[in-house]
There are 2 protein chains.
Amino acid sequence: MTEAIAADALLDRMRHKGDVMQRDCPSRAILQHLTSRWGVLVMLALLPGPRRFSALRRRIGGVSERMLAQTLQQLEGDGMIWRRAHAVVPPHVDYGLTPLGTEAAGRILGLAGWIEDNLSDILSAAQQRAA
Amino acid sequence: MTEAIAADALLDRMRHKGDVMQRDCPSRAILQHLTSRWGVLVMLALLPGPRRFSALRRRIGGVSERMLAQTLQQLEGDGMIWRRAHAVVPPHVDYGLTPLGTEAAGRILGLAGWIEDNLSDILSAAQQRAA
DNA sequence: CAGAATCCTTTTTGATACTG
DNA sequence: CAGTATCAAAAAGGATTCTG
């Protein structure tokens, strides 16, 4: 485990502060938005670069227009993504990660990527248990 | 950004596979459990070491018994945590991270820790936008 | 095209009470 | 203590329609 040192440091800090564990800590709300069902996928989808609304919708399997719009607004409100609307007809709007959002997306990718990399291990561990 | 290289590698792989983006990919389900409202907090709460049910309940502000039990079962089903029940009265049950769960929790801590570390930046960015 | 608005269905969640 | 059962409330999600 290469990130053991970093984890320990963070862990130590959390042991003393433990903000997220408090029900009304603002960090929990941010975490919540970022880890929401579609929030995670939106962040990942934007990592390669800015995308248009419809491109995001195609890329993220299963999102409805409603949920995508809602999620984008929420993340924009948190300062994780920006939105740029071109005043043309038909409308053209694209979204991208802010510097802050890029950092967050990196961490999300850290988790999502790990899952994908270890999917077979995870699934077999889960299956063993089911037996 | 120190993890730029790792992120690029993962990103590249995702660009070609992009499993999570597919609505029926099993990795999305795992991700979903891990990033669920209480799942994240349970994983973080177990990172320092095994804990009893009631200890977890106290530590995680706002969970109901029901949600905690449900979340624990789900994560246990995914092979992320183990459960050990001592046959005594009154009952004594504790939970801990499996090796797999420990790795996952590390990634989650990566995100949660980043949020806590940058909370003031995040909140001010969000506020600016609201103005 | 990018959404806002509306309506309706499905999940999730929280209290509360009950049990081994 | 560590849950399960039940019920009611709330939130999330989906489908459809409409507009600049």
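Letters go in sequence order (proteins before strands), and every chain restarts at 1.
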Response to the item:
In whole angstroms, the gap separating P of D:dT16 from CD of A:Glu65 amounts to 12 Å
Practice prompt. Using atom CD of A:Gln74 as one end and atom C1' of C:dA4 as the other, report the distance to the nearest whole Å.
Written response: 17 Å
Worksheet entry | Contacts of type side chain to side chain contact (heavy atoms under 4.5 Å, CB included), residue B:Pro26, not counting sequence neighbours | A:Leu119, A:Leu123
Worksheet entry | Whole-Å distance separating the CZ atom of B:Arg51 from the C1' atom of D:dC1 | 17 Å
Discussion item. Give me the atom names and distance for the closest heavy-atom approach of B:Leu97 to B:Ile81.
Written reply: CD2-CG2, 3.8 Å
Discussion item. Students often get this wrong, so: under 4.0 angstrom with heavy atoms, is B:Gln70 touching a base, only sugar-phosphate, or nothing?
Written reply: nothing
Worksheet item: Under a 3.5 Å cutoff on both atom distances, Watson-Crick or G-U, what's the dot-bracket for DNA chain C ([ ] crossing, | other strand)?
Response: ||||||||||||||||||||
Practice prompt. Return the set of residues passing side chain to side chain contact (heavy atoms under 4.5 Å, CB included) with B:Ala104 (not counting sequence neighbours), or none when no residue passes.
Written response: A:Trp114, B:Leu34, B:Met43, B:Met80
Discussion item. So if I take every side-chain heavy atom of B:Arg52 and compare against D:dA2, D:dG3, C:dG3, which nucleotide ends up nearest?
Written reply: D:dA2
Fill in: Nucleotide C:dG3, atom P - distance to CD of A:Gln73 in whole Å
8 Å
Item to complete: Mind checking side chain to side chain contact (heavy atoms under 4.5 Å, CB included) for B:Ser64 and listing every partner two or more places apart, or none if nothing turns up?
Response: B:Arg66, B:Met67
Item to complete: Check whether any side-chain heavy atom of A:Val63 lies under 4.5 Å from a side-chain heavy atom of A:Leu41, and answer yes or no.
Response: no
Fill in: Closest-nucleotide ordering on DNA chain C, the 5'-leading residue of A:Gln32 and A:Ser54
A:Ser54
Discussion item. Output the rounded distance in Å from CG (A:Asp94) to P (C:dG3).
Written reply: 10 Å
Worksheet entry | side chain to side chain contact (heavy atoms under 4.5 Å, CB included) against B:Ala45, all qualifying residues, sequence neighbours excluded | A:Met21, B:Leu56, B:Arg59, B:Ile60
Worksheet item: Tell me the ring-ring contact (aromatic ring centres under 6.0 Å, His included) pairs involving residues 30-69 of chain A, sequence neighbours left out?
Response: none
Worksheet item: Between B:Tyr95 and A:Met67, which is nearer to the 5' end of DNA chain D once each is assigned its nearest nucleotide?
Response: B:Tyr95
Worksheet item: Just how far, in rounded Å, is C1' of C:dA2 from CD1 of A:Ile81?
Response: 14 Å
Worksheet item: Can a side chain N or O of A:Arg37 be found less than 4.0 Å away from OP1 or OP2 on C:dT12?
Response: no
Practice prompt. Keeping the roles fixed (side chain from A:Arg28, backbone from A:Val20), state whether a donor-acceptor pair exists under 3.5 Å.
Written response: yes
Worksheet entry | Contact list for residues 74-98 of chain A, test ring-ring contact (aromatic ring centres under 6.0 Å, His included), sequence neighbours left out | A:His86-A:His92
Worksheet item: A:Thr71 side chain to A:Gly39 main-chain N or O, any donor-acceptor pair under 3.5 Å?
Response: no
Worksheet item: Considering only heavy atoms, which members of residues 83-92 of chain A lie under 4.0 Å from some atom of DNA chain C?
Response: A:Arg83, A:Pro90, A:Pro91
Collect all protein-nucleotide pairs involving nucleotides 5-9 of chain C in which both atoms are nitrogen or oxygen and the distance is under 3.5 Å.
from: C:dT6; atom 1: O4; to: A:Arg66; atom 2: NE; distance (Å): 3.4

Worksheet item: Please, which pairs that meet salt bridge (Lys or Arg N to Asp or Glu O under 4.0 Å) have at least one residue in residues 67-84 of chain A, sequence neighbours excluded?
Response: A:Glu76-B:Arg129, A:Arg84-A:Asp94
Worksheet, complete the sentence: Here the distance between atom C1' of C:dG3 and atom CG of A:Leu56, to the nearest Å, is 14 Å
Practice prompt. Any chance you could measure A:Leu31, atom CG, to B:Glu116, atom CD, to the nearest 0.5 Å?
Written response: 9.0 Å
